Amino acid sequence: MSHYQGLIHRYRQRLPVTDSTPIISLNEGNTPLIELHHLPKQWGFDGRILVKFEGLNPTGSFKDRGMTMAVTKAVEGGAKAIICASTGNTSAAAAAYAARAGIQSFVLIPDGKIALGKLAQAMMHGSTVLQIQGNFDDGMQLVQELAKDLPVALVNSVNPYRLQGQKTIAFEIIEALGRAPDYHVLPVGNAGNISAHWMGYSEATCQQTAACGLCHGQCPYHLEPLTTSRPIMVGYQAAGAAPFMRGAAVKNPETIATAIRIGNPMSWDLAWAAVKESEGWFDECTDADILATQKELARFEGVFCEPSSATSLAGLKQDLKRGKFKAGAVVVATLTGHGLKDPDTAIMQSEQPHQIAAEKGAISRLMEQYIR
Ligand code: F0G
């Protein structure tokens with residue numbers, strides 16, 4: 001058996017590629033599905049909670065799934081440059097995959113509102129970084145206009161190949177569990193990812209007939225279904241950036257979870273369709289709850305995700321209290337990005353290092369306070 005070579009290689013029968021497509025990959029995907037051992041009990045839940053840790057992708061977020069497809073198709077189409085607007089993770093992935101492909105990348109990021117690790121990645125991979133005096137939504141408008149006028153491929157999730165790559169997360173979860181979960185919870189910003197998850201779950205159950213009601217016999221892949229049921233989809237937003245809860249765009253989105261500091265999501269209709277068809281819901285969490293949950297996960301489970309990613313579990317915790325999840329259910333939460341992306345926010349909310357003499361007695365006295 002050959003070693004794992006990335007998600008296009010793995011799922012090529014379910015993706016829009018041919019044998020002559022030049023695949024640009026960093027062996028993304030195949031991330032672990034980790035069962036939580038402590039938090040379900042602490043939260044009074046008798047079901048199972050598993051986290052799909054997308055922080056373990058090559059650039060540390062789920063964006064690599066979409067970017068391998070978007071850059072592969074851009075290169076196949078002859079593009080010499082790509083562009084995106086980003087709250088940080090898309091820019092890191094775009095920069096890395098452009099480097100891998102040997103093409104130029106341009107990234108527009110909101111001035112001062114991007115986590116340090118993400119900025120370092122875009123710079124290190126040789127992207128031309130444009131820090132605009134505006135937010136993500138302003139950047140999104142600009143890149144759409146720029147991509148019309150200049151010979152650059154737009155690789156935000158309005159590019160349909162992004163969602164094609166990102167849908168593979170559903171296939172991996174079904175294969176790992178041997179079935180679809182009962183619920184799937186995830187953070188929502190620009191709303192591409194919830195739409196891609198639903199596309200993946202739907203294609204995985206599609207019977208390729210009009211009767212199944214999914215593709216109406218139009219499915220392009222003609223494959224056996226991977227499973228029989230789809231999960232209920234639940235999307236969580238930060239309270240200061242929750243357009244799906246307000247029912248309209250939010251003008252000045254604000255949250256500590258900078259990755260989802262977005263007021264005017266591009267995949268509005270697709271995300272609503274995912275929630276409605278699955279009989280799920282949207283809800284919102286405060287910044288305080290997001291940070292507290294990020295810390296609980298790191299402290300009690302050993303999993304370090306970035307604040308935006310913790311929004312999925314902060315929402316779950318809140319809705320478990322409200323009795324919105326069935327007893328005994330299997331819940332999967334997507335942890336979209338790695339905690340190392342945003343060291344400032346992690347250090348800000350943690351116990352600070354002890355300043356201490358390099359002396360055995362002093363150190364052992366301090367240690368005794370911690371050893372019971
Ligand atoms: N979690 C993280 C860590 C993200 O970086 C993003 C989006 C989301 C969740 C939300 O996913 O936009 O598909 O609803 N980040 C984009 C970026 C906007 O530019 O990196 P979504």
Side-chain angles (χ1 to χ4, degrees), residues 31-36 38-40 42-43 45 47-57 60-63 65 87 89 166 169-170 172-173 177 180-198 200-201 231-239 241-242 244-245 255-262 265 271 274-275 278 280-298 300-301 303-322 324-325 329-339 341-342 345:
T31 55
L33 185 67
I34 304 167
E35 177 129 24
L36 300 190
H38 305 284
L39 293 182
Q42 289 181 28
W43 296 347
F45 181 46
R48 298 172 67 192
I49 305 174
L50 301 102
V51 294
K52 182 71 170 159
F53 194 17
E54 291 290 281
L56 293 183
N57 274 297
S61 88
F62 73 96
K63 302 290 179 177
R65 289 185 188 273
T87 56
N89 281 324
Q166 286 173 212
I169 190 171
E172 289 180 13
I173 291 166
L177 278 178
D182 299 311
Y183 298 86
H184 193 122
V185 302
L186 77 167
V188 174
N190 208 24
N193 209 26
I194 190 170
S195 309
H197 277 64
W198 188 238
Y201 281 122
I232 291 170
M233 300 298 300
V234 185
Y236 291 115
Q237 301 213 279
F244 286 101
M245 296 303 291
T255 167
I256 185 111
T258 52
I260 52 172
R261 185 172 164 267
I262 295 172
V275 161
S278 71
W281 65 90
F282 288 110
D283 214 326
E284 61 192 297
C285 318
T286 64
D287 279 6
D289 283 345
I290 292 169
L291 292 182
T293 311
Q294 181 197 18
K295 204 167 168 184
E296 268 183 293
L297 183 67
F300 297 114
E301 301 284 359
V303 178
F304 185 21
C305 69
E306 65 173 288
S308 304
S309 311
T311 307
S312 54
L313 290 175
L316 172 61
K317 180 182 177 183
Q318 172 178 297
D319 280 342
L320 282 171
K321 273 192 213 135
R322 295 173 181 161
K324 291 186 80 170
F325 288 82
V330 176
V331 184
V332 168
T334 307
L335 297 181
T336 46
H338 203 291
K341 293 266 192 179
D342 191 353
T345 308

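Values in this document were obtained by computation on a predicted structure and should not be read as measured data.
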Handout entry: Straight-line distance of Cys285 SG to Leu313 CG, nearest 0.5 Å
Key = 9.5 Å

Practice task
Report yes if some heavy atom in the side chain of Asn57 is under 4.5 Å from a heavy atom in the side chain of Thr31; otherwise report no.
Solution key: yes

Problem - Donor-acceptor under 3.5 Å (Gln294 side chain, Cys305 main chain) - result: yes

Handout entry: Beyond-backbone contact of Leu335 with Leu297, side-chain heavy atoms, under 4.5 angstrom
Key = yes

Fill in the blank from the handout: d(Ile194 CD1, Asn190 CG) to nearest 0.5 Å is 13.0 Å

Handout entry: Contact summary for Pro265 and Phe244, nearest pair of heavy atoms
Key = CG-CE1, 3.6 Å

Practice task
Dump the intermediate steps for side-chain contact (heavy atoms from CB on, under 4.5 Å) on Leu33 and Val332, then the final yes or no.
Solution key: CA-CA 8 Å; Leu33 185 67; Val332 168; 4.0 Å; yes

Exercise for the section: Could you tell me which non-hydrogen atom of Ala314 sits nearest to which non-hydrogen atom of Ile290, and how far apart they are? Expected result: CB-CA, 4.0 Å

Practice task
Under the salt bridge (Lys or Arg N to Asp or Glu O under 4.0 Å) rule, collect the residues that match up with Glu301, sequence neighbours excluded.
Solution key: none

Handout entry: Whether Tyr236 side chain and Gly315 backbone form a donor-acceptor pair below 3.5 Å
Key = yes

Practice task
In plain terms, say whether Glu54 and Lys63 are close enough for a salt bridge, that is, a side-chain N and a carboxylate O under 4.0 Å apart.
Solution key: no

Handout entry: pair Val234-Ile232: side-chain heavy atoms closer than 4.5 Å
Key = yes

Problem - Interatomic distance, Ile260 atom CD1 to Leu186 atom CG [nearest 0.5 angstrom] - result: 10.0 Å

Practice task
Hey, could you give me the NZ/CG distance between Lys317 and Asp289, rounded to the nearest 0.5 Å?
Solution key: 7.0 Å

Handout entry: Min side-chain heavy-atom separation Leu56-His338 under 4.5 Å
Key = yes

Practice task
Return the set of residues passing side chain to side chain donor-acceptor pair (under 3.5 Å) with Thr345 (not counting sequence neighbours), or none when no residue passes.
Solution key: Asp342

Practice task
Report yes or no: does Ser309 contribute a side-chain atom to a donor-acceptor pair with the main-chain N or O of Thr336 at less than 3.5 Å?
Solution key: yes

Handout entry: Backbone of Asn89 reached by a side-chain donor or acceptor of Lys341 within 3.5 Å
Key = no

Practice task
Could you tell me whether the side chain of Val330 reaches within less than 4.5 Å of the side chain of Leu177, counting heavy atoms only?
Solution key: yes

Exercise for the section: Report yes or no: does Gln237 contribute a side-chain atom to a donor-acceptor pair with the main-chain N or O of Asp283 at less than 3.5 Å? Expected result: no

Exercise for the section: Decide yes or no on side-chain contact (heavy atoms from CB on, under 4.5 Å) for Phe62 and Ile169, but give the supporting numbers first. Expected result: CA-CA 9 Å; Phe62 73 96; Ile169 190 171; 5.8 Å; no

Exercise for the section: Answer yes or no: is there a side-chain heavy-atom contact under 4.5 Å between His38 and Glu296? Expected result: no

Handout entry: Donor + acceptor pair across side chains of Trp43, Gln318 (<3.5 Å)
Key = no

Handout entry: Set of residues satisfying salt bridge (Lys or Arg N to Asp or Glu O under 4.0 Å) with respect to Asp319, sequence neighbours excluded
Key = Arg322

Practice task
Enter the distance from Leu39:CG to Leu316:CG here, rounded to the nearest 0.5 Å.
Solution key: 9.5 Å

Handout entry: Side-chain heavy-atom pair Val275, Trp198 within 4.5 angstrom cut-off
Key = no

Practice task
Check ring-ring contact (aromatic ring centres under 6.0 Å, His included) between Phe325 and all other residues, then give those that pass, not counting sequence neighbours.
Solution key: Tyr183, Trp281

Problem - Exam field: side chain Ser195 to backbone Ala191, donor-acceptor pair closer than 3.5 Å - result: yes

Handout entry: Rounded distance (nearest 0.5 Å) linking atom NZ of Lys295 with atom CZ of Phe300
Key = 9.5 Å

Practice task
Taking all non-hydrogen atoms of both residues into account, name the closest pair between Ala329 and Phe45 and its distance.
Solution key: O-CZ, 3.6 Å

Practice task
Report the residues that fulfil side chain to side chain donor-acceptor pair (under 3.5 Å) with Thr334, sequence neighbours left out, ordered by chain and then residue number.
Solution key: His184, His197

Practice task
Give a yes or no answer on whether the side chain of Ser278 reaches the backbone of Met233 with a donor-acceptor pair at less than 3.5 Å.
Solution key: yes

Problem - Nearest atoms (heavy-atom pairs only) where Asp287 meets Ile256 - result: OD2-N, 2.7 Å

Handout entry: Verdict with supporting geometry, Val185 and Val331, side-chain contact (heavy atoms from CB on, under 4.5 Å)
Key = CA-CA 7 Å; Val185 302; Val331 184; 4.2 Å; yes

Handout entry: Pairs involving residues 304-316, ordered by first then second residue, that meet salt bridge (Lys or Arg N to Asp or Glu O under 4.0 Å) (sequence neighbours left out)
Key = Lys118-Glu306

